[in-house]
Q: 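My questions all concern the structure below.
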Amino acid sequence: MPPDDPEDVDPGLAAERTRLAWLRTAIAFAAVGGAALRDDVVIGLVMLTAAPAIWVLGHFVSRSVRPAQRSGHLLLVTVAVTVIALLALLGALLGHSPASLRDVLPLHG
Amino acid sequence: MTAPPATMDGPERTDCGGATSGDGQHQDPDAGTEPDARFTLANERTFLAWNRTALALVVAGLGIIQLLPPFPGVRYGRHLLGIPLIILGAAVSVTSYWEWRRTQAALRRREPLPRSVLPVVLATSITGIGALSAVVVLISAVR
């Protein structure tokens with residue numbers, strides 16, 4: 001009789017799904033950064049750096065031994081999303097950020 | 001067939017016995033014993049999925065404000081729709097972290113999992129914002 005759950009044979013599947021979930025989340029951060037890039041280059045670039053950071057964070061979480069450690073790492077994801085939401089809110093209320101790269105460098109187009 | 005959880009040995013239970021005062025939610029994440037790794041991973045994936053949802057809400061709000069042409073006759077109509085979406089995104093992210101902790105604590109104590117408030121929060125907020133956008137579109141169509 002085959003097992004009910006394939007993971008009983010290969011528990012690595014759950015770990016792989018989780019790795020993929022971290023990757024999807026990192027890509028979501030990259031997408032937000034790309035969208036913000038249109039509006040403000042500096043904020044967009046800062047958000048884009050969050051994407052590889054989240055991906056690396058996923059690797060740290062998978063290796064964290066103490067539960068409190070994992071809890072602290074996951075908090076960083078929420079902090080990142082909250083910061084992005086605050087930046088979006090500021091951008092929405094103020095129009096463009098005053099510290100835009102466009103004001104600093106003579107960029108055209 | 002092989003139920004992964006529920007290895008309740010005596011010494012493990014005594015470990016969390018002293019800490020079960022109060023609501024059992026905002027306590028030391030090290031309390032209890034490590035659950036089956038698959039449960040920890042599933043809880044983590046749920047948290048990540050909610051955070052992608054949160055990011056999608058923020059981007060949707062930002063897109064409404066920055067990319068949509070203004071609604072004729074409704075001043076700040078785009079802000080009226082976009083800002084609640086952005087705030088909802090932040091709220092979903094913070095709540096998902098709180099629920100991740102709560103679920104992880106319940107898993108460690110071999111207790112029944114707490115019910116998530118996020119589906120209700122998300123459904124009511126999106127219904128509200130949907131109704132609001134219908135009103136904004138109707139007003140701008142009439143004028």
Side-chain angles (χ1 to χ4, degrees), chain A residues 1-5 7-8 11 13-29 31-32 34-36 38-40 47 50 54 58 61-62 65-93 95-96, chain B residues 1-4 28-67 76 78-79 82-98 100-101 104-105 107-108:
Chain A
M1 189 182 143
D4 294 339
D5 191 342
E7 285 179 6
D8 289 339
L13 290 175
E16 186 170 346
R17 276 208 297 279
T18 308
R19 239 184 345 262
L20 290 170
W22 276 101
L23 187 59
R24 283 199 298 278
T25 309
I27 290 171
F29 273 95
V32 177
R38 239 188 83 108
D39 194 53
D40 188 306
M47 287 184 187
I54 291 292
V61 172
S62 67
V65 186
R66 286 188 57 243
Q69 217 176 358
R70 174 179 285 122
S71 167
H73 286 153
L74 291 193
L75 182 59
L76 288 178
V77 177
T78 287
V79 168
V81 174
T82 310
V83 166
I84 285 177
L86 282 177
L87 287 176
L89 210 56
L90 276 179
L93 292 175
H96 289 266
Chain B
M1 279 290 130
T2 37
D28 177 19
D30 287 316
T33 53
E34 193 64 20
D36 188 299
R38 281 174 277 177
F39 295 167
T40 300
L41 291 169
N43 190 22
E44 196 174 304
R45 287 197 299 275
T46 307
F47 167 78
L48 291 173
W50 278 117
N51 275 278
R52 288 194 298 275
T53 307
L55 280 176
L57 288 166
V58 172
V59 171
L62 207 55
I64 286 172
I65 295 168
Q66 312 276 18
L67 302 179
Y76 303 113
R78 293 174 297 174
H79 290 78
I83 288 173
L85 279 171
I86 295 171
I87 293 171
L88 180 61
V92 164
S93 181
V94 171
T95 310
S96 74
Y97 179 69
W98 175 68
W100 174 82
R101 280 190 72 126
Q104 198 64 23
L107 284 172
R108 292 184 71 82

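Sequence lines set the chain letters: A, B, ... in the order given, protein chains first and strands last, and positions in each chain run from 1. The model shown is predicted, which means the values in this text are computed figures rather than measured ones.
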Q: For the backbone of Leu76(A) and the side chain of Tyr97(B), can you confirm whether one donor and one acceptor N or O come within less than 3.5 Å of each other?
A: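 Between the backbone of Leu76(A) and the side chain of Tyr97(B) there is no qualifying donor-acceptor contact (under 3.5 Å).
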Q: Check Val81(A) against Gly89(B) and note the closest heavy-atom contact, atom names and distance.
A: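 That would be CG1-O, 4.4 Å.
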Q: So what's closer than 4.5 Å to chain A heavy atoms on Val94(B): side chain, backbone, both or neither?
A: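 Both backbone and side chain.
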Q: Take Arg38(A) and Gln66(B), measure what side chain to side chain contact (heavy atoms under 4.5 Å, CB included) needs, and give me the verdict at the end.
A: CA-CA 10 Å; Arg38(A) 239 188 83 108; Gln66(B) 312 276 18; over 6 Å; no
Q: Counting only non-hydrogen atoms closer than 4.5 Å, does Val61(A) touch chain B with its backbone (N, CA, C, O), its side chain (CB onward), both, or neither?
A: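 When you check distances to chain B, only side chain atoms of Val61(A) fall under 4.5 Å.
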Q: Mind ranking Ala85(A), Ala92(A), Ser71(A) by heavy-atom pairs under 4.5 Å with chain B and telling me who comes out on top?
A: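 Looking at each option in turn, the highest pair count goes to Ser71(A).
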Q: Using only atom types and a distance under 3.5 Å, with no angle test, would you say the side chain of Arg45(B) pairs donor to acceptor with the backbone of Ala14(A)?
A: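 Present.
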Q: Sort out for me which of Val59(B), Val92(B), Thr40(B), Leu55(B) touches chain A most, counting heavy-atom pairs under 4.5 Å.
A: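 Most pairs with chain A among the choices: Leu55(B).
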Q: Just verifying a value: how many Å separate Arg17(A) CZ and Arg38(B) CZ, rounded to the nearest 0.5 Å?
A: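 If we round to the nearest 0.5 Å, Arg17(A):CZ and Arg38(B):CZ are 10.0 Å apart.
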Q: Quick check on Ala80(A) against chain B: is it the side chain, the backbone, both or neither that has a heavy atom closer than 4.5 Å?
A: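 Neither part, no heavy atoms under 4.5 Å.
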Q: Measure the shortest side-chain to side-chain distance between Leu93(A) and Ile83(B) over non-hydrogen atoms and say whether it is less than 4.5 angstrom.
A: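 In short, these two side chains touch, coming nearer than 4.5 Å.
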Q: Has Arg52(B) got a side-chain atom pairing as donor or acceptor with Ala21(A)'s backbone, closer than 3.5 angstrom?
A: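 Side chain of Arg52(B) to backbone of Ala21(A): a pair is present.
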Q: Is it the side chain or the backbone of Leu41(B) that comes within 4.5 Å of chain A heavy atoms, both, or neither?
A: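 Contact with chain A involves both backbone and side-chain atoms of Leu41(B).
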Q: What I'd like to find out is whether the side chain of Pro67(A) reaches to under 4.5 Å of the side chain of Gln104(B), using heavy atoms alone.
A: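 Pro67(A) does not reach Gln104(B) side chain to side chain.
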Q: Which residue out of Thr78(A), Val77(A), Thr82(A) racks up the most heavy-atom pairs below 4.5 Å with chain B?
A: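 Heavy-atom pair counts peak at Thr78(A).
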Q: Which one of Ala31(A), Ala68(A), Ala35(A) has the most heavy-atom pairs closer than 4.5 Å to chain B?
A: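 Ranked by heavy-atom pairs under 4.5 Å with chain B, first place is Ala68(A).
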Q: Examine whether an atom of Leu67(B) lies under 4.5 Å from a heavy atom of chain A, and if so say whether it belongs to the side chain, the backbone or both; otherwise answer neither.
A: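 Only the side chain of Leu67(B) comes within 4.5 Å of chain A.
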Q: In Å, rounded to the nearest 0.5 Å, how long is the span from CG of Leu85(B) to CG of Leu89(A)?
A: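 Result: 11.5 Å between the selected atoms.
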Q: What is the distance from atom CH2 of Trp100(B) to atom CG of Leu75(A), rounded to the nearest 0.5 Å?
A: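 Trp100(B) CH2 to Leu75(A) CG: 9.5 Å, rounded to 0.5 Å.
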Q: How about Arg24(A) and Leu48(B): do any of their side-chain heavy atoms sit closer than 4.5 Å?
A: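 No - every pair of side-chain heavy atoms lies 4.5 Å or more apart.
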Q: Quick check on Trp50(B) against chain A: is it the side chain, the backbone, both or neither that has a heavy atom closer than 4.5 Å?
A: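 When you check distances to chain A, no heavy atom of Trp50(B) falls under 4.5 Å.
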Q: Below 4.5 Å from any heavy atom of chain A, which atoms of Leu62(B) appear? Answer side chain, backbone, both or neither.
A: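 For Leu62(B), side-chain heavy atoms alone lie under 4.5 Å from chain A.
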Q: Go through Val58(B), Ile65(B), Ile86(B) and name the one with the most non-hydrogen pairs under 4.5 angstrom from chain A.
A: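 Greatest number of close heavy-atom pairs with chain A: Ile86(B).
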